[in-house]
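Per chain, numbering begins at 1; letters A, B, ... match sequence-line order. None of these values were measured; they are calculated from a predicted model.
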Protein chains: 2
Amino acid sequence: MPKVPPQCPMDSILRLLMGPWTTYIIWVLSDQGPQRFGALKRAVPGISTRMLTERLRMLQGAGVIWREQAETIPPAVSYGLTSRGNDLRSVLDALGEIAHNWEHEGVFAGEGGGRHEGQ
Amino acid sequence: MPKVPPQCPMDSILRLLMGPWTTYIIWVLSDQGPQRFGALKRAVPGISTRMLTERLRMLQGAGVIWREQAETIPPAVSYGLTSRGNDLRSVLDALGEIAHNWEHEGVFAGEGGGRHEGQ
DNA sequence: CTATGCAGTTACTTTTCCGTTCCTACTTTA
DNA sequence: TAAAGTAGGAACGGAAAAGTAACTGCATAG
């Protein structure tokens with residue numbers, strides 16, 4: 001019994017964007033352009049290697065980002081947004097704008113400093 | 001040390017939409033119009049009373065939905081989207097469209113039947 | 001007089017996620 | 001020779017999220 005009927009493929013996509021880091025990674029890649037693993041890790045302060053790897057793999061699996069590995073020693077791996085990732089970005093921008101407006105209206109003020117900053 | 005700097009208020013809003021049921025609830029409310037608690041529960045098959053209550057409270061707290069309680073016996077409680085909820089809906093529609101396209105391209109096919117349906 | 005529906009609340013249990021830590025194999029630098 | 005950087009992988013463990021179940025009080029239906 002499918003709990004989430006096919007009418008709502010949005011669920012899959014939201015599940016993709018959901019994690020605390022995912023949108024931030026996309027944001028960095030679209031804002032700073034393609035980045036190497038280490039640079040990305042430094043650009044997303046606080047993320048663990050494990051999480052970064054996992055998110056990148058997932059986004060790559062969904063075709064949202066590409067991965068380019070140079071067979072040098074040590075290997076240099078770069079990540080960047082694909083066209084699909086850019087599709088996503090326009091929506092995230094729209095959402096960001098709404099979030100911005102809501103912030104002005106104090107929607108998130110009530111939970112301010114709350115748990116959602118931890119981790 | 002704020003892990004998610006203020007540049008990204010999107011994080012708060014995504015945290016709101018994140019849960020497995022949240023977007024589905026919004027979808028139902030925007031598709032079928034305002035609903036009473038029981039009807040909503042039946043419209044989102046598989047959700048538990050507890051989850052539904054929690055999500056509704058959260059969405060209400062964010063001003064995305066309204067709650068109207070008639071002091072009859074038994075009490076009749078209705079929920080519906082606010083204008084803020086409708087803001088959200090346009091974005092969700094855009095996202096849904098992207099998800100729809102991706103589905104056609106088989107993006108989610110690889111994980112098909114996987115754990116993400118068991119929620 | 002028992003069952004059922006309304007709209008939840010509370011407690012308990014399970015699952016899942018996520019962070020932390022240690023490890024790889026290789027090269028350059030001190 | 002030891003340390004550090006590169007790009008991760010594997011194992012462990014705690015906390016948070018989510019599911020399950022039982023309970024509320026009142027009214028109507030059987």
Phosphate OP1/OP2 of C/dG8: any B/R57 side-chain N/O under 4.0 Å: yes
Nearest to side-chain heavy atoms of B/F37, which nucleotide of C/dC6, C/dA7, D/dA7: C/dA7
Euclidean distance, atom CZ of residue B/R42 to atom P of C/dG8 [Å, nearest integer]: 13 Å
Whole angstrom value for the distance that separates C1' of C/dT4 from NZ of B/K41: 15 Å
Neighbour count >12 (heavy atoms, 6.0 Å) for atom CD, A/Q69: yes
Within residues 29-45 of chain B or reaching into it, pairs that qualify as side chain to side chain donor-acceptor pair (under 3.5 Å) - sequence neighbours excluded: B/S30-B/R89
Distance, nearest 0.5 Å, that separates CG of A/L17 from CD1 of A/I25: 11.5 Å
A/W21 side-chain N/O to C/dG19 phosphate OP1/OP2 under 4.0 Å: yes
Between C1' of D/dA16 and CE of B/M58, the distance in whole Å: 14 Å
Nucleotide D/dA17, atom C1' - distance to CD of B/E54 in whole Å: 8 Å
A/R55 vs C/dC18: side-chain N/O to OP1/OP2 distance below 4.0 Å: yes
Side chain of B/T53 - closest among C/dT9, D/dT6, D/dG8: C/dT9
Separation of atom CD1 in A/I47 from atom P in C/dC18, rounded to whole Å: 10 Å
Heavy-atom donor-acceptor pair, B/T53 side chain to B/T49 backbone, under 3.5 Å: yes
Nearest-angstrom distance from the residue atom CG of B/L52 to P of D/dA18: 14 Å
Summary of protein contacts for nucleotides 20-30 of chain C, nucleotide by nucleotide, where a base hit scores B, a sugar-phosphate-only hit scores S (4.0 Å, heavy atoms): B-----SS---
Between C1' of C/dG8 and CD of B/E71, the distance in whole Å: 14 Å
B/T82 side-chain N/O to B/V64 backbone N/O, donor-acceptor pair under 3.5 Å: yes
Polar side-chain atom of B/R84 near backbone of B/A62 as donor-acceptor pair, under 3.5 Å: yes
Value in whole Å for how far the P atom of D/dA18 lies from CE of B/M18: 7 Å
ring-ring contact (aromatic ring centres under 6.0 Å, His included) contacts in which one or both residues fall within residues 70-101 of chain A, not counting sequence neighbours: A/H100-A/H104
